[in-house]
Structures are given as C-alpha cells and as structure tokens.
Amino acid sequence: MPELPEVEVTRLSFADRIRGARVTGVRVGKPLRWPLGGNVDEMIGQRVGEVSRRGKYLWLALERGGLLMHLGMSGSLSFAPRVAEPGPHDHFDLVTARGTLRLTDPRRFGAVVWSDAADAPPASTLLAGLGIEPFDERFDGAHLHTALRRRRVSVKSALLGGEIVVGAGNIYACEALFEAGIDPRTRSDRISRPRADRLALAIRQTLARAVELGGSTLRNFRDAHGAAGEFQLDAKVYGRAGQPCLRCKTPIRRVVQNARATFFCPTCQKR
DNA sequence: AAGTGGACCTGCTAGC
DNA sequence: TGCTAGCAGGTCCACT
C-alpha cells in the first residue's frame, strides 16, 4: 500500500509527538519481512530522536542506533498514549513514556530492523541502491532522462524499480504517467528529453498532492492518528478500468506489466 | 548484466 | 447464502 506519500504522511503524523520520548518497552509479534536483529534491551531507556524518511523507509533515530521501518503492502503505524491489547495483526510496539508506536500489518511484508546507524548494516544494505528523492532539487528532467536512457524496460517499470527515483509505487507511477501524457508501456530509453521534463514534474506534483491529501486509503492505510487518506478519490486512472477518462471520455485501460496492474488512458497517453 | 517472473502472507471481493 | 479463484499499495531473489 504505502508509497512515498503514505510514508511521509505517517512520519508527519507522529514525528513531533514521539521526539524526545524515552523508550520503556518493546513488544515483538509475529515475524515480519526481516528479523528485528540486535538486542531489545539496547533500546530500553534511550530517547527517541528525529524520524526521517528515505524512499518508503522510515528511520527512527535513538540516542545510539535506531530502527528502520517499512510498511510493506498493508502496514500502518499508530501512535497514541494508550493502546488496546495487541490484535492479531499488531506485530511491533515501541512503548515510550509518551505513548506507544505500533505497527499493524496484516500481510507482514513490512519490517522493523534495528541498526547501529542508518549508514550501518543492515539499514545501509537495505537503503543501498535507492534512487534520488523526488523532492531533491537535483531531481529534474535532465537527471531522469539520463537515467531512463540507460534502461530498456517500460517507463513504468523503470519508475517502480526505485533505482532511478524513489517513492512512486503502483498508484503514483500510473497517475504521474497520465499527468505527463506518456503511455506506461513506452520503453524507457525512448523517452525524449521534453517528455522526461514533463514526467519529472508530474512525479513531483503527483506525490506532493498526495501528501497534501493525506495519501491514498484503498483498504487499510491510516496515519499515526488513525486518519484515512483521500487521494484515491482524486485518482485519474488508478483503479478506474473501463470508466471514462476524466479528460477525454475514452475508457481507461488495464494491462499487466511485470505482474502488476497498470492503468492508463489510451488516448491521452502516447508512446 | 539486465530483465522477467515467482515468492513472501493474509484478507477482501467478485462471480459462480 | 456459501465457496473459491483472483487480486491487492512492495521488494527481494532466482533464473534466463
């Protein structure tokens, strides 16, 4: 589920509240994608520092080391002074004097990994190879064009890979390509510089708008306050197969690329 | 080497 | 109404 906007909305919804809180306990539920690693006792007594984001990962800094968190496909974080007894999908609790940060993740593709530092393994290993942040000023049409020319996959696959630019998953890759007027099946090395300019802008604008709208709640995404997102109501193509394009009325098409559903308007988006 | 497809795990929904 | 196949926001890994 969670793409960059959902992760950023989550971060913004609890970072200020948890900063400075002292860790008093840790509870681990069923196994997630990777083992927590390290010694739980190391975390007890430490103060929480900044919560930062890299791609779809969150880094929750402690005084010594920190936790790298990923929401996978179905994860969400909540932070509240009082929490209910953990349910069957609550797989990690970081208990602090100010409240409990809880990861709820039915499919368990998410993860919480202890690391000595964000630039030390295993965190550094997981973050290695990630592309540029879409809101980094160095991310522009020139950067995107150069990177796309080195690949021979579809432009949509190139975006989803996250090695060129992070953050756009299946929803926002589809939406950004619609905004840029580019057919998602176009080979990445055939994208001209002007189209790369438009695409870079579309990626940034789409992700920024999604953050403003609180992300997309298709099923179970909530921010740390429990609020749902509203971008899904604003999607132009994602999940709209067969429905008329909001711009030209042509029915939106659904195709499968790399085992992922892709939605696009065959009239507004050109190869 | 780069590209493709399967695997991970659970829940929900559309269709019979 | 009840069962089941198919599908879901991500990413790693094996194979070609």
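Order of the sequence lines fixes the chain letters, A, B, ..., with proteins taken first and strands second; residue numbering starts at 1 for each chain. Excluded from the calculations below are hydrogen atoms, water molecules and symmetry mates; all remaining heavy atoms, backbone and side chain alike, are included.
- The gap from the P atom of B:dA1 to that of C:dT11 amounts to 24 Å, rounded to the nearest Å.
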Requested in this report: Just do the side chain to side chain contact (heavy atoms under 4.5 Å, CB included) check on A:L68 and A:L127 with the steps written out, would you?
Outcome: CA-CA 10 Å; A:L68 190 70; A:L127 299 176; 4.2 Å; yes
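- Summarising the geometry, the separation between CG on A:N220 and C1' on C:dG9 is reported as 9 Å, rounded to the nearest angstrom.
- Among the protein residues, A:R254 comes within range of the sugar-phosphate backbone only, with heavy atoms under 4.0 Å from sugar or phosphate atoms but none that close to a base.
- A straight line from CZ of A:R108 to C1' of C:dC12 spans 17 Å, rounded to a whole angstrom.
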Query raised in the report: Can you list the steps and then say if A:R151 with A:E163 is a salt bridge (charged side-chain N to carboxylate O under 4.0 Å, His left out)?
Result: CA-CA 11 Å; A:R151 309 283 309 273; A:E163 293 151 333; 3.3 Å; yes
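- Across the P atoms, C:dC3 and B:dC9 are found 25 Å apart, a figure rounded to whole Å.
- What separates CZ of A:R33 from C1' of C:dG10 is a distance of 7 Å, to the nearest Å.
- Checking side-chain atoms of A:T96 against main-chain N and O of A:T100 turns up no donor-acceptor pair under 3.5 Å.
- A close approach under 4.0 Å does not occur between any side-chain nitrogen or oxygen of A:R107 and OP1 or OP2 of C:dG10.
- Separating the NE2 atom of A:H89 from the P atom of C:dA8 is a distance of 20 Å, rounded to the nearest angstrom.
- Rounded to an integer number of Å, the gap from CG of A:L71 to C1' of C:dG10 is 10 Å.
- Positionally, the nearest nucleotide of DNA chain B for A:R150 lies more toward the 5' end than for the other of A:R219 and A:R150.
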Report task. Both distances under 3.5 Å, Watson-Crick or G-U wobble: on that basis, could you give the dot-bracket string for DNA chain C, with [ ] for crossing pairs and | for other-strand partners? Result -> .|||||||.|||||||
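- A:S124 and A:D119 are not linked by any side-chain donor-acceptor pair at a separation below 3.5 angstrom, with hydrogens and angles left out of the test.
- Between A:K56 and the phosphate of C:dG9, there is no side-chain N or O to OP1/OP2 separation shorter than 4.0 Å.
- With no hydrogens or angles considered, no side-chain donor-acceptor pair links A:N258 and A:K156 at under 3.5 Å.
- Within 4.0 Å (heavy atoms only), A:R151 reaches sugar-phosphate atoms of the nucleic acid but no base atom.
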Report task. In sequence, state the C-alpha distance, the side-chain angles, and the governing distance for A:S216 and A:Y172, and then conclude on side chain to side chain contact (heavy atoms under 4.5 Å, CB included). Result -> CA-CA 10 Å; A:S216 295; A:Y172 302 113; 2.7 Å; yes
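- Taking the P atom of each, B:dG3 and C:dG9 are spaced 22 Å apart, rounded to whole Å.
- Straight-line distance from the CE atom of A:M69 to the P atom of C:dG10: 19 Å, rounded to whole Å.
- Taken to the nearest 0.5 Å, the CD atom of A:E179 stands 12.0 Å off from the CD1 atom of A:I203.
- Taking a centre distance below 5.5 Å and an interplanar angle below 30 degrees as the stacking criterion, A:F109 stacks against the six-membered base ring of C:dG10.
- The aromatic rings of A:Y238 and A:F263 lie perpendicular to each other, with more than 60° between the two planes, well past the 30° mark.
- Between A:D183 and A:V155, the closest side-chain pair of non-hydrogen atoms is not below 4.5 Å.
- For the residue pair A:D223/A:T10, the side-chain donor-acceptor check at 3.5 Å is not satisfied.
- In 5' to 3' order, the nucleotides of DNA chain B bounding all contacts with chain A (an atom under 4.0 Å from a heavy atom) are B:dG3 to B:dG11.
- Residue A:Y238 is classed as a sugar-phosphate contact, given heavy-atom separations below 4.0 Å to backbone atoms only.
- Using a 4.0 Å heavy-atom cutoff across all strands shown, A:T217 reaches at least one base atom of the nucleic acid.
- The distance from atom CD of A:Q232 to atom P of C:dG9 is 14 Å, rounded to the nearest whole Å.
- Atom CE in A:M73 sits roughly 13 Å away from atom P in C:dC7 (whole-Å rounding).
- Not one side-chain nitrogen or oxygen of A:Y57 sits closer than 4.0 Å to the OP1 or OP2 atom of C:dG10.
- With hydrogens and angles left out, the side-chain atoms of A:T206 and A:E175 include no donor and acceptor closer than 3.5 Å.
- Comparing the same atom, P, in C:dC7 and in B:dG5 gives a spacing of 15 Å after rounding to whole Å.
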